[in-house]
Amino acid sequence: MNFNPNLENLTVYEGGKPIELVVREFGIEPKDIVKLASNENPFGASLKAVEAIKAYADKVFMYPDDSMSELKEALAKHFELEKQHFIIGAGSDQVIFFAINAKAHPNMKILTAKTTFAMYDIYAKQVGATVLKTASDEHKLEEFLELYQQHRDIDIIFLCLPNNPLGECLPKEEVFAFLEEISEETLVVIDGAYQDFAAYKDAQMKIEPKTLIERFPNTLYLGTFSKSYGLGGMRVGYGIAQQEILEALYKMRPPFNVTSLSLKAATAALEDDAFIQMTLQNNFKEMERYENFAQENKISFIKSYTNFITLIFDKSKSSKKIAQILLKKGIIVRDLTSYGLNGIRITIGTPRQNSRCLEELQKNI
Ligand SMILES: *Cc1c(COP(=O)(O)O)cnc(C)c1O
């Protein structure tokens, strides 16, 4: 059977391993499994979100409100914008898909960092786009600019700030200076999946969507409820942009793309600032333990502005083996071999989860 030829060179995205798989493969009790592989909130979801889901459970026979006004109003208030600046997706993943498809054409070109969120590449290849990547793993804007000036006809630039899976970030001023050099024809996507972590750690890293889209009408800002807000299972994310971009994105959107329960949960989660503050505080306090561990054991790590830390091993160690050994002990981390790196990405957990992870790491590196 023939399929879209663009799919031939595509590999399927491999997410963090689920708890059920470790239960099945290694016979470990679910309560003994520590999952630090998908950058989820280790404290779970805000109780306000859980209550909102319960309260709405008997209304799921109805289609969701497809205008998604309630969540858009809440987001608009949160970001001091108007609700027409928003599009809601089944995860911000879906908004990435909308953006690439809205701009797709036969000679499409996309520019990303060498080592960044895998979905930019996957969606780009689905539409047959050429993906140009910078030479450095981490975001180096001078390399982006050089490639951009060489090609000139780049359709979309993705900046993942902070970057997954490495954790680095760039100061707002540097990003804005870069944006000044980019033509209005090029869409620049700022993926802010971890922006709340970065802003908490260092105010210079904070990119406010309002300032961004007002100064640079060719930008699209992405946010998600899957990380700090603890709603990965609900699949809700959003895009923020000016009218012209959103009009094109809305043409890609399937009707009822976000469930009513997801909309309720996200709206409630947005109100629970105390939960987010607790999450952020724990995150950076606990991250120090991993940094100390890495320093004591002479393992390199990238300074992280996110809810994970990436450890890079020298040739005497294999990240694949280390991840496998940890898995057998019930600790799930993300091996970065598929990104071409001899490293692992560890989501910062609760103090107890981190103690177990660090203990096993110490024994097995
Ligand atoms: C997790 C993540 C997303 C999107 O997650 P969704 O669950 O689809 O909202 C987007 N970008 C980056 C960099 C991420 O790490």
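Atoms within a ligand are numbered from 1 in the order they appear, just like the ligands themselves. Since we're looking at a predicted model, the values are computed, not measured.
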Under a 4.0 Å N-O cut-off, is there an ion pair linking K48 with E51? no
In ligand 1, which numbered atoms sit nearer than 4.0 Å to a non-hydrogen atom of S226? 6 (P), 7 (O), 9 (O)
Within the structure, does T224 bring an N/O atom to less than 3.5 angstrom of an N/O atom in ligand 1? yes
Going by the atom numbers of ligand 1, which of them fall below 4.0 Å from some non-hydrogen atom of D93? 8 (O)
Could you tell me which atoms of ligand 1, counted from 1 in the order shown, lie closer than 4.0 angstrom to a heavy atom of G91? 6 (P), 8 (O), 9 (O)
On the 0 to 90° scale, with breaks at 30° and 60°, tag the Y120-F158 ring pair as parallel, tilted or perpendicular. parallel
Kindly state whether the ring of Y305 and the ring of F197 have centres lying under 6.0 angstrom apart. no
Just going by heavy-atom distances, which of K227, M119, E40, Q94 is nearest to atom 3 (C) of ligand 1? K227
S92, portion touching ligand 1 at heavy-atom distance under 4.0 Å: both
Could you see which bit of N164 sits under 4.0 Å from ligand 1, with heavy atoms only: side chain, backbone, both or neither? side chain
Ring centres under 6.0 angstrom apart (F293, Y290): no
Residue portion contacting ligand 1 (non-hydrogen atoms closer than 4.0 Å) for F225: neither
With a 6.0 Å cut-off on the ring centroids, do Y194 and F308 count as close? yes
When you measure from the side chain of N283 to the backbone of T306, do you find a donor-acceptor pair of N or O atoms at a distance under 3.5 Å? yes
Determine, for K210 against E214, whether the closest basic-nitrogen to carboxylate-oxygen distance falls under 4.0 angstrom. yes
Answer with yes or no whether C160 contacts ligand 1, where contact means a heavy atom under 4.0 Å from a ligand atom. yes
Please confirm whether the ring centroid of F216 lies under 6.0 Å from the ring centroid of F176. yes
Taking heavy atoms and a distance under 4.0 Å, where does R235 meet ligand 1: side chain, backbone, both or neither? side chain
Which residue supplies the protein heavy atom nearest to atom 11 (N) of ligand 1, what is that atom called, and how far is it? D191 OD2, 2.6 Å
